[in-house]
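Note that the structure is a prediction, hence the values are computed from the model and not measured. The figures here come from the full heavy-atom set of this structure, side chains too, leaving out hydrogens, waters and symmetry mates.
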Amino acid sequence: MESSEPNTQVETAPVAPQPQVATNVEPRNFLVTFLLAAGFGILGLRHFYLGDKKLGWTRVGLIVGGYALLILSAAMQQFALVAVGGLAIIVAAIWAIVDFFYVYLSVKTDASGQPLTATQRDKKWAKSLFIVNVIVVALYIL
């Protein structure tokens, strides 16, 4: 026996799972992130601070490996390794410079997506340090 009542079941589309944001982690500070990028940019310590350990270890491995190849090439008198070690150090230095600008201009969240905290004082300090660093680099290049 068929019923003439309309079907009241509503079909819903599957919902994509939302990324988990750690709530027990204190928010990271923008000024600390910027200072780590400015002072220790070649080592990539800001990646560890923001929770991106894979990229942090990549940066550490690049600079430590570059210097290790330079030392090893001098000890073994294999000067072909000098080029590889020097290239690794140059790549790490360029990456640090790009990272410095990237952090100041566009980093707003940590690796888990949690926004960075920044007070007006933090923003003023970061802006002042950014300007000073740009001037020092420009004078160094000249």
Please give me the minimum heavy-atom distance between [X] and [Y], naming the atom from each residue.
X      : Y     : result
Thr117 : Pro27 : CG2-CB, 3.5 Å
Asn29  : Thr33 : O-OG1, 2.9 Å
Tyr49  : Leu36 : CB-CD1, 3.5 Å
Ala88  : Gly66 : CB-CA, 3.8 Å

Are Val107 and Leu50 close enough that some pair of their side-chain heavy atoms sits under 4.5 Å apart?
->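 Heavy-atom side-chain distance check passes, below 4.5 Å.
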Hey, does Lys127 have a side-chain heavy atom less than 4.5 Å from the side chain of Tyr104?
->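 Of all side-chain heavy-atom pairs linking Lys127 with Tyr104, at least one is under 4.5 Å.
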Are [Y] and [X] connected into the same hydrophobic cluster when the rule is that any two of I, L, V, M, F, W, Y join if their side-chain heavy atoms are below 4.5 Å apart?
X      : Y      : answer
Leu31  : Ile131 : no
Val64  : Trp95  : no
Val136 : Val134 : no
Ile97  : Phe100 : yes
Leu55  : Val91  : yes

Roughly how far, to the nearest 0.5 Å, is the [atom2] atom of [Y] from the [atom1] atom of [X]?
X      : Y      : atom1 : atom2 : answer
Phe34  : Leu116 : CZ    : CG    : 13.0 Å
Arg46  : Leu35  : CZ    : CG    : 13.0 Å
Asp110 : Glu26  : CG    : CD    : 12.0 Å
Leu87  : Leu62  : CG    : CG    : 8.5 Å

Near [X] [atom1], under 6.0 Å, is it more than 12 heavy atoms from other residues, nucleotides or ligands?
X      : atom1 : answer
Trp125 : CH2   : no
Lys54  : NZ    : no
Phe40  : CZ    : no

Contacts of Ile63 that satisfy side-chain contact (heavy atoms from CB on, under 4.5 Å) - sequence neighbours left out = Ile42, Leu43, Tyr67, Ile89, Ala92
Side-chain donor-acceptor distances from residues 70-77 under 3.5 Å, at least two apart:
residue : atom : partner : partner atom : Å
Ser73   : OG   : Leu69   : O            : 3.1
Ser73   : OG   : Leu70   : O            : 2.8

Could I get the full list of salt bridge (charged side-chain N to carboxylate O under 4.0 Å, His left out) partners for Asp122, not counting sequence neighbours?
->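 With neighbours one apart ignored, the set is empty.
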With sequence neighbours excluded, what pairs up with Arg59 under the side-chain hydrogen bond (donor to acceptor under 3.5 Å, both in side chains) test?
-> His47, Asp99
Taking only residues two or more places apart in sequence, or in another chain, which ones meet Asp52 in a side-chain hydrogen bond (donor to acceptor under 3.5 Å, both in side chains)?
->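 Asp52 satisfies side-chain hydrogen bond (donor to acceptor under 3.5 Å, both in side chains) with no other residue.
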For Phe48, all residues meeting ring-ring contact (aromatic ring centres under 6.0 Å, His included), sequence neighbours excluded =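 Applying ring-ring contact (aromatic ring centres under 6.0 Å, His included) to Phe48 gives Trp57.
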Which class fits the ring pair Phe101 and Phe130: parallel under 30°, tilted 30 to 60°, perpendicular over 60°?
-> perpendicular
